[in-house]
Amino acid sequence: MAKVSIENIRKQFGAAVAVSDFSLEIAEGELVAFLGPSGCGKTTTLRMIAGFIAPTAGRIRIGETDVTRLPVHKRDTGMVFQRYALFPHMTVAENVAFGLEMHKIPKADRDGKIRRVLDMVRMSELRDRYPRQLSGGQQQRVAIARALAIEPKVFLLDEPLSNLDAKLRVEVREEIHALQRRLGLTTVFVTHDQEEALAIADRMAIMHDGIVQQVGTPDTLYERPANLFVADFLGKMNVFKGRGADNVFQTEAGQRIAAQGGSGATHLGVRPERVSLREQPSGGNALAGVVESSLYLGSILEVRVQLEGGDRMVSQVANGGARQAQPAPGARVYACFEPDDCVSFTQ
Ligand code: ATP
């Protein structure tokens with residue numbers, strides 16, 4: 001395995017900038033997820049690492065080797081695509097063998113390698129089937145085996161789970177994660193699914209309009225988003241507009257909220273699961289209001305509260321079932337949360 005250094009890469013298609021000044025060091029054995037909405041530039045960045053497209057500017061190194069101008073097959077990367085990209089006229093074993101042939105692995109070594117990677121993804125018994133005789137999850141396992149058979153220095157995955165249904169998505173995701181850990185693979189995983197990224201990434205790079213917004217561990221990005229885009233992309237957040245000064249944030253509607261620091265802030269965010277609803281005020285912030293509506297989401301309830309003064313807040317509370325009184329529309333409540341649950345933003 002090897003580290004990957006991405007140094008100030010940029011990609012333009014004509015006048016359009018798809019990726020702008022992207023820099024990132026990916027450590028040996030680390031899994032980094034590139035996360036962002038459609039069109040943000042994550043696939044383009046991955047394809048530049050793989051070598052399918054050349055950057056307009058900047059440099060990419062794998063280990064100590066500058067690979068910026070090297071063709072795909074000389075980069076020691078294994079890639080998995082959203083649509084599996086298996087050859088329909090080849091069996092499972094032949095699909096895996098093809099990658100080995102392309103990389104000029106001697107014939108004598110191929111069989112052992114094929115057996116090993118097919119075992120790894122639990123596809124040995126189906127080695128003589130054709131792709132059309134496999135489920136989506138099985139086809140993706142074969143694609144993973146094909147990528148790993150060449151023992152690449154870097155493992156690249158481009159939305160590998162998008163074509164699978166919800167349950168299978170979690171299953172294959174966990175398999176990929178376990179393999180990545182066991183083999184210590186330096187991995188880049190592109191996705192637009194925040195839950196997927198949070199679940200498997202050591203670090204995530206959140207992208208928007210070709211620009212990296214923030215890089216960090218899942219909990220840092222979720223708890224301390226650098227800006228409103230990251231906050232919003234990684235889940236729901238109550239956002240107040242106003243002004244921050246001396247540990248107090250004054251909302252435009254006149255609400256005073258105790259928050260740490262945040263001098264000069266223009267927005268204040270609080271995650272809904274940090275807001276508890278109580279009959280009596282409690283803790284650092286207790287904002288009086290009336291329950292507007294309650295949404296049943298299975299394991300949680302999402303309760304909308306109209307605060308005195310005009311602001312609104314959403315609280316997510318665990319579904320306590322029949323033993324716990326549910327907040328009913330019209331009930332008077334206090335939306336309670338602590339100053340350190342608040343995140344200040346300056347944009
Ligand atoms: P998606 O999840 O939809 O694949 P993405 O974040 O991976 O999105 P990219 O595919 O990297 O986004 O595209 C980034 C931007 O570059 C988009 O605006 C896209 O239209 C543009 N783009 C990508 N490839 C080309 C190309 N070959 N020619 C022109 N523009 C392109």
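In each ligand, atom 1 is the first atom listed, and ligand 1 is the first ligand listed.
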- Message: Counting the benzene-type ring for Trp, do Phe22 and Phe34 have ring centres under 6.0 Å apart?
- Response: yes

- If you measure only the distance, is there a donor-acceptor pair under 3.5 Å linking the side chains of Arg278 and Ser276? yes

- Task: Decide whether Asp193 and Thr191 meet the rule of one side-chain donor and one side-chain acceptor closer than 3.5 Å.
- Result: no

- Query: What pairs with Glu25 under side chain to side chain donor-acceptor pair (under 3.5 Å), at least two apart in sequence or on another chain?
  - Reply: Ser5

- Task: Kindly write out the residues that satisfy ring pair (Phe, Tyr, Trp, His ring centres under 6.0 Å) with Tyr222, not counting sequence neighbours, or none if the list is empty.
- Result: none

- Query: Got a sec, which hydrophobics cluster with Leu268, joining ILVMFWY side chains under 4.5 Å apart, including via others?
  - Reply: Phe240, Phe249, Ile257, Val270, Val275, Leu277, Leu287, Val291, Tyr296, Leu301, Val303, Val305, Leu307, Met313, Val317, Val333, Phe337

- Please list, by chain and number, the protein residues whose heavy atoms come under 4.0 Å of ligand 1. Phe13, Ala18, Pro37, Ser38, Gly39, Cys40, Gly41, Lys42, Thr43, Thr44, Glu159

